[in-house]
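A short write-up of the structure that comes next.
Predicted model only: the values in this text are computed from it and were never measured. Counting starts at 1 for both ligands and their atoms, in listed order. Heavy-atom basis, side chains included; hydrogens, waters and symmetry copies ignored.
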Amino acid sequence: MEADDLLPRLRQRIESREAQVGVIGLGYVGTAVAGAFAKCGFEVTAVDVVAEKVAAVSVGRPPFEGHEPELEAILKVANDSDLLHATTDYDDLRSVEILLVAVETPVDPESRRPGYKALRSALDALGPRLSAGRLVIVESTLAPGTTDRVVVPALEAASGLKTGAELLVAHCPERVMPGRLLSNLRHMSRVVGGTSREAAAAAVALYRCVVDADLDATDALTAEIVKAGENAYRDVQIAFANEMALLCEDLGADVWRVRELLNKSPGRNMLLPGAGVGGHCIPKDPWLLIANAGPEFHPRLIPAAREVNDAMPGHVIHLLEESLAFEDVGLDGASVAVLGYAYLADSDDDRNSPSAELVRLLEERGAGVRIHDPWIDRYSGAPVADVVAGADAVVLMVSHSAYEHLDWAALHASASRPIVVDGRRSVDRALAEGAGWTVRTIGVG
Ligand code: SAJ
């Protein structure tokens with residue numbers, strides 16, 4: 001097959017839905033992608049090495065916790081109509097022409113280097129199952145240069161195929177969010193980075209079947225930089241808000257009032273200060289972004305932003321110690337109630353949660369910790385009043401809607417000391433203080 005034939009043939013088979021789609025990795029991204037392509041008429045083969053994930057998808061259930069009602073419905077329909085086949089066997093991909101790779105690309109917490117173990121094993125397993133004419137698209141977030149220096153060499157070595165002439169390879173980073181997986185997939189624009197013009201064009205033709213927003217064709221390096229960069233940008237924005245909170249505390253001001261007035265200035269959009277930055281992408285993508293820069297590039301802003309944001313749980317501890325000190329109480333032996341363990345409001349996702357760091361620091365200082373989170377099963381068994389009962393202090397870490405109307409008068413009666421540190425400015429200060437609570441709000445001096 002000539003290189004010139006690859007694109008027209010793939011385009012035709014995509015438009016006719018004859019091309020089968022393979023998805024490697026049944027996480028948040030892969031499961032949503034498998035469902036979305038099955039929903040628009042492709043026969044989808046989804047592969048994961050974890051049998052439990054395959055079993056879940058095989059009965060139309062997302063292989064992760066979380067509230068994704070539309071996805072469940074789509075998985076069930078896809079299964080019933082035999083459009084979606086989940087398996088642990090890579091051999092089932094031999095007849096599949098379009099392969100989407102959506103495996104985790106974590107960052108080592110110590111070295112800050114990308115962890116490509118899952119990516120490499122997926123590519124090494126896929127390679128021998130590839131034939132000429134295939135399109136391989138990596139959706140995982142990658143450090144710039146990874147497509148050219150890791151993905152292409154791994155596929156060529158494992159398949160014996162030549163990229164461009166026999167194999168089309170692209171990088172189309174995902175932009176999904178737990179809780180909005182399918183709507184993000186459909187309505188958010190995508191950067192489509194091809195290792196060749198044909199690869200980008202083929203990937204655009206494919207995504208046009210599920211995405212109703214812009215599909216911006218570019219090269220793989222640009223796509224890698226955009227994705228990691230968009231999250232590094234957000235991390236820097238949040239770090240600015242957090243540094244303003246620390247400054248306002250020092251100066252005796254209220255960062256929340258400052259933010260309200262500052263954002264009236266055209267073109268300003270100061271984000272929300274808070275108790276920390278968690279999740280599966282913002283804490284790691286800044287490190288992916290700068291991972292492959294050369295010795296002449298000296299990043300200062302991006303690492304500094306990570307340092308500011310990672311220090312926020314420790315700052316909440318500082319506010320807590322200051323509040324307890326007024327009553328001559330230290331953290332050692334104190335009982336602390338932590339409200340909120342997810343990384344994001346009204347989410348059950350606790351990956352890289354700032355609350356986990358807060359709990360570690362509290363226990364390191366000898367405090368007894370009780371946790372409540374209405375979205376996380378292991379922390380939603382007891383009502384807030386029971387978790388707060390006998391506590392020397394309450395720390396609010398996540399602005400779950402469930403915490404907006406707490407009965408601070410009733411809670412005052414059950415707490416041992418009416419001290420609350422508000423890490424997200426979610427406490428109704430007037431109400432709580434009226435009920436006898438001492439409220440310390442992050443960013444308020
Ligand atoms: N956070 C703050 N202050 C803010 C915003 C967030 O402290 O002003 C904290 C949150 O509490 C959380 C963390 O940062 O712990 C991340 O929050 P997030 O709103 O950025 O949510 P994520 O991590 O789910 O980010 C996703 C990303 N989307 C994708 O990767 C496809 C990100 O690019 C989006 O900008 C973000 O959602 C969004 O805007 O909702």
Side-chain angles (χ1 to χ4, degrees), residues 27-30 32-33 64 66-68 102 104-107 139-142 172-191 211 213 223-246 255-256 259-260 262-263 268-286 288-289 305-306 308-313 315-316 339-358 373 375-376 396-401 403 422-426 441-443:
Y28 286 93
V29 176
V33 168
F64 45 77
H67 193 61
E68 301 285 352
E104 62 160 8
T105 50
V107 163
E139 291 211 355
S140 312
T141 304
L142 302 173
C172 185
E174 51 79 17
R175 278 181 170 159
V176 294
M177 255 197 80
R180 309 203 297 253
L181 291 176
L182 281 167
S183 64
N184 275 23
L185 212 159
R186 267 195 214 106
H187 307 311
M188 288 187 84
S189 65
R190 299 289 289 267
V191 180
V211 177
E224 289 162 337
I225 297 171
V226 166
K227 170 62 187 179
E230 69 193 32
N231 284 340
Y233 173 79
R234 187 165 176 81
D235 197 48
V236 168
Q237 285 183 303
I238 298 169
F240 176 80
N242 285 332
E243 186 138 282
M244 286 287 275
L246 301 179
V255 75
W256 304 95
R259 174 177 178 271
E260 179 193 350
L262 182 149
N263 281 346
R268 275 48 171 196
N269 176 29
M270 179 174 147
L271 295 187
L272 299 169
V277 174
H280 55 294
C281 42
I282 307 297
K284 86 173 165 72
D285 290 358
L288 285 177
L289 178 65
R306 286 278 71 236
V308 167
N309 291 336
D310 279 350
M312 295 313 286
H315 183 64
V316 170
L339 302 187
Y341 197 81
Y343 86 85
L344 198 63
D346 296 343
S347 162
D348 67 347
D349 192 339
D350 63 0
R351 286 178 289 178
N352 299 313
S353 165
S355 300
E357 172 64 2
L358 179 94
D373 191 305
W375 287 79
I376 297 179
L396 188 138
M397 288 292 286
V398 186
S399 49
H400 289 317
S401 311
Y403 296 147
D422 182 3
R424 298 288 177 186
R425 207 198 50 166
S426 287
T441 307
I442 204 161

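- Assignment of Gln237 to the shell around ligand 1 is not supported, since no heavy atom sits closer than 4.0 Å.
- Atom CG of Asp285 is separated from atom OG1 of Thr105 by 7.0 Å, given to the nearest 0.5 angstrom.
- Within 6.0 Å of CD in Glu243 there are 12 or fewer heavy atoms belonging to other residues, nucleotides or ligands.
- Residue, atom and distance of the protein heavy atom nearest to atom 22 (P) of ligand 1 are Tyr343 OH, 3.7 Å.
- Near Arg175, meaning under 4.0 Å from any of its heavy atoms, are these atoms of ligand 1: 31 (C).
- Contacts between Arg180 and ligand 1 below 4.0 angstrom, taking non-hydrogen atoms only, involve the side chain exclusively.
- Taking every non-hydrogen atom of Gly276 and a distance limit under 4.0 Å, the qualifying atoms of ligand 1 come out as 7 (O), 9 (C), 15 (O).
- Asp349 CG to Ile376 CD1: the interatomic distance, rounded to the nearest 0.5 Å, is 8.0 Å.
- A donor atom on one side chain and an acceptor atom on the other are not found under 3.5 Å apart for Ser399 and Arg425.
- Atom 18 (P) of ligand 1 has its nearest heavy-atom neighbour, among Arg234, Met188, Lys227, in Arg234.
- Taking every heavy atom of both residues into account, Asn231 and Cys281 meet most closely at ND2-CB, 3.6 Å.
- The backbone N or O of Leu262 lies less than 3.5 Å from no partner atom in the side chain of Arg268, so there is not a single donor-acceptor pair.
- Ligand 1 has no atom lying under 4.0 Å from any heavy atom of Ala275.
- Taking every heavy atom of Val176 and a limit of under 4.0 angstrom, the matching atoms of ligand 1 come to 29 (C), 31 (C).
- The nearest protein atom to atom 33 (O) of ligand 1, hydrogens excluded, is given as Asn231 OD1, 2.5 Å; this is a heavy-atom distance.
- Protein heavy atom nearest atom 3 (N) of ligand 1, with residue, atom name and distance: Leu272 O, 2.8 Å.
- Both the backbone and the side chain of Val277 come within 4.0 Å of ligand 1, counting heavy atoms alone.
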